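To keep things clear, I will list the structure first and then write my remarks on it.
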2 protein chains.
Amino acid sequence: MYISTKGRYGTKALFELALHAGEGPQALREIAARQGLSEHYLEQLVGPLRKAGLIQSIRGAQGGYVLGRDASDITVGDILRVLEGPVSPTECALENFDFSHCCANPQVCPDRDVWIKVRKGIEQVVDTITLRDLVEDWQSNVERAPVYYI
Amino acid sequence: MYISTKGRYGTKALFELALHAGEGPQALREIAARQGLSEHYLEQLVGPLRKAGLIQSIRGAQGGYVLGRDASDITVGDILRVLEGPVSPTECALENFDFSHCCANPQVCPDRDVWIKVRKGIEQVVDTITLRDLVEDWQSNVERAPVYYI
DNA sequence: GAGGGAACGCAGTGGTCCGCAGGGGTGTGT
DNA sequence: ACACACCCCTGCGGACCACTGCGTTCCCTC
């Protein structure tokens, strides 16, 4: 039931970009080091994120990445959908799902409503939390317990 | 982000047992046929369910399975935890998680709160929906649109 | 008490995805 | 020119998925 590291690493990486927004492009090497991730693996994740417009790349020396739009306009759900696919526990719980392909007997599917409710429960969380929220929460935690942070 | 067929098939199978509760043991063959599942694959799923006490088996001819306790006392979450493992999007969002093993730098984990909220969102759904609810919903659907059902 | 239905259990299998690593190409500031 | 950092393709060992096959054990029915 776990999501993969893709969504987690991606969220961590974009959090770093949000935290250092306005400080110029951030190199993957720095992001990976600060969050303790594999730099090369992270490279594979930022490709789709760039194509989806969530981040922008600056090539060449002193290059790196910046957010593609404001941190308050990027939700965790946006990141997950790019890196993990649709946010849904089953295919049959997707928004525009074709009933005729549901289960063996679409008429006798007792549990589809459950999965739809689960999907909405997840969406209610990931679509309302933005990168800005993550940064603000993190900064207020630093204030409250500075000794815990480097 | 999809759950596997284990949780879905298991839910369907236990729904069948709840629907036919009081009619004697239900054979896997019948359950699999009615829900359009592979009988032999289902066999592998009911093993853990039996060991967890969610169902009871009756061996021999005319044998089969019955619910281990009342349908109103078995939630979808119970089934998922047996067949899919913990209901949580990440390991670090588990109830009794040891902080010291979180990420590379446990002090600098900006996203753990998100995953905990996702977990609670899922739990809020799957831990409140019982097999009895599924049966009642299904029966009221049959009443409303009998022509759609066999 | 023989037959057969049905639960048990183990082993194997093709496929997909995960979580990387390696290595080369390309564009750009200094 | 050089170094830096993005870009992209390839491979790879491992894990899990969704089954299938086959044999064994139990127990009701006839």
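Because the structure is predicted, anything quoted here is derived from the model rather than measured.
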Please report the distance, rounded to the nearest Å, between [atom1] in [X] and [atom2] in [N].
X        : N       : atom1 : atom2 : result
Leu37(B) : dC19(D) : CG    : P     : 9 Å
His40(A) : dA5(D)  : NE2   : P     : 16 Å
Arg8(B)  : dC19(D) : CZ    : C1'   : 14 Å
Leu45(A) : dC7(D)  : CG    : P     : 13 Å
Met1(A)  : dC16(D) : CE    : P     : 17 Å
Leu28(A) : dC4(D)  : CG    : C1'   : 13 Å
Gln26(A) : dA5(D)  : CD    : P     : 11 Å
Leu17(A) : dC6(D)  : CG    : P     : 10 Å

With a 4.5 Å cut-off on side-chain heavy atoms, are [Y] and [X] touching?
X         : Y         : result
Arg81(B)  : Asp127(B) : yes
Lys117(B) : Val76(A)  : no
Phe15(A)  : Leu19(A)  : yes
Tyr65(A)  : Leu54(A)  : no
Ile122(B) : Val118(B) : yes
Leu80(B)  : Ile3(B)   : yes

Evaluate the criterion salt bridge (Lys or Arg N to Asp or Glu O under 4.0 Å) for residue pair Glu136(B) and Arg132(B); output intermediate values, then yes/no.
-> CA-CA 6 Å; Glu136(B) 282 177 358; Arg132(B) 183 199 175 111; 3.0 Å; yes
For Ile58(A), the rest of its hydrophobic cluster, which grows through side-chain links under 4.5 angstrom |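 Answer for Ile58(A): Val66(A).
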Taking only residues two or more places apart in sequence, or in another chain, which ones meet Lys6(A) in a side chain to side chain contact (heavy atoms under 4.5 Å, CB included)?
->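 With sequence neighbours excluded, Lys6(A) shows a side chain to side chain contact (heavy atoms under 4.5 Å, CB included) to Ser4(A), Tyr41(A), Leu45(A), Leu83(A), Glu84(A), given in chain and number order.
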Which atoms of nucleotides 28-30 of chain D (N or O only) lie under 3.5 Å from a protein N or O atom, and what are those distances?
none

Is [X] touching bases, backbone alone, or none of the nucleic acid, heavy atoms closer than 4.0 Å?
X        : answer
Arg50(A) : sugar-phosphate
Tyr9(B)  : sugar-phosphate
Gly47(B) : nothing

Donor-acceptor list for residues 87-95 of chain A side chains, cut-off 3.5 Å, not counting sequence neighbours:
| unit_1 | atom_1 | unit_2 | atom_2 | d |
| --- | --- | --- | --- | --- |
| Ser88(A) | OG | Thr90(A) | O | 2.7 |
| Thr90(A) | OG1 | Ala93(A) | N | 3.3 |

Short heteroatom pairs, N/O only, protein and nucleotides 10-12 of chain D, under 3.5 Å:
none

5′-ward residue of the pair Glu84(B)/Ser38(B) relative to DNA chain D =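 Upstream on the strand: Glu84(B).
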Do you see a donor-acceptor pair shorter than 3.5 Å between the side chains of Glu16(A) and Gln26(A)?
->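 No, no side-chain donor-acceptor contact under 3.5 Å.
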Test for a donor-acceptor pair under 3.5 Å between the base of dC6(D) and the side chain of Glu43(A), counting only N and O atoms.
->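 Not at all, since no donor on one side and acceptor on the other fall under 3.5 Å apart.
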Could you list where the contact with chain B starts and ends along DNA chain C, reading 5' to 3', using a 4.0 Å heavy-atom cut-off?
->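 The protein-touched segment is dG4(C) to dA11(C).
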Using only side-chain N and O atoms of Tyr65(A), determine if any of them is under 4.0 Å from OP1 or OP2 of dC7(D).
->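 So the side-chain polar atoms of Tyr65(A) do come within 4.0 Å of the phosphate oxygens OP1 or OP2 of dC7(D), strictly under.
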Given that Ile58(B) and Ser4(A) both sit by DNA chain C, which one's nearest nucleotide is further toward the 5' end?
->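 The residue whose closest nucleotide sits nearer the 5' end is Ile58(B).
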Do Asp78(B) side-chain atoms and Thr75(B) backbone N/O form a donor-acceptor pair below 3.5 Å?
->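 It does hold such a pair.
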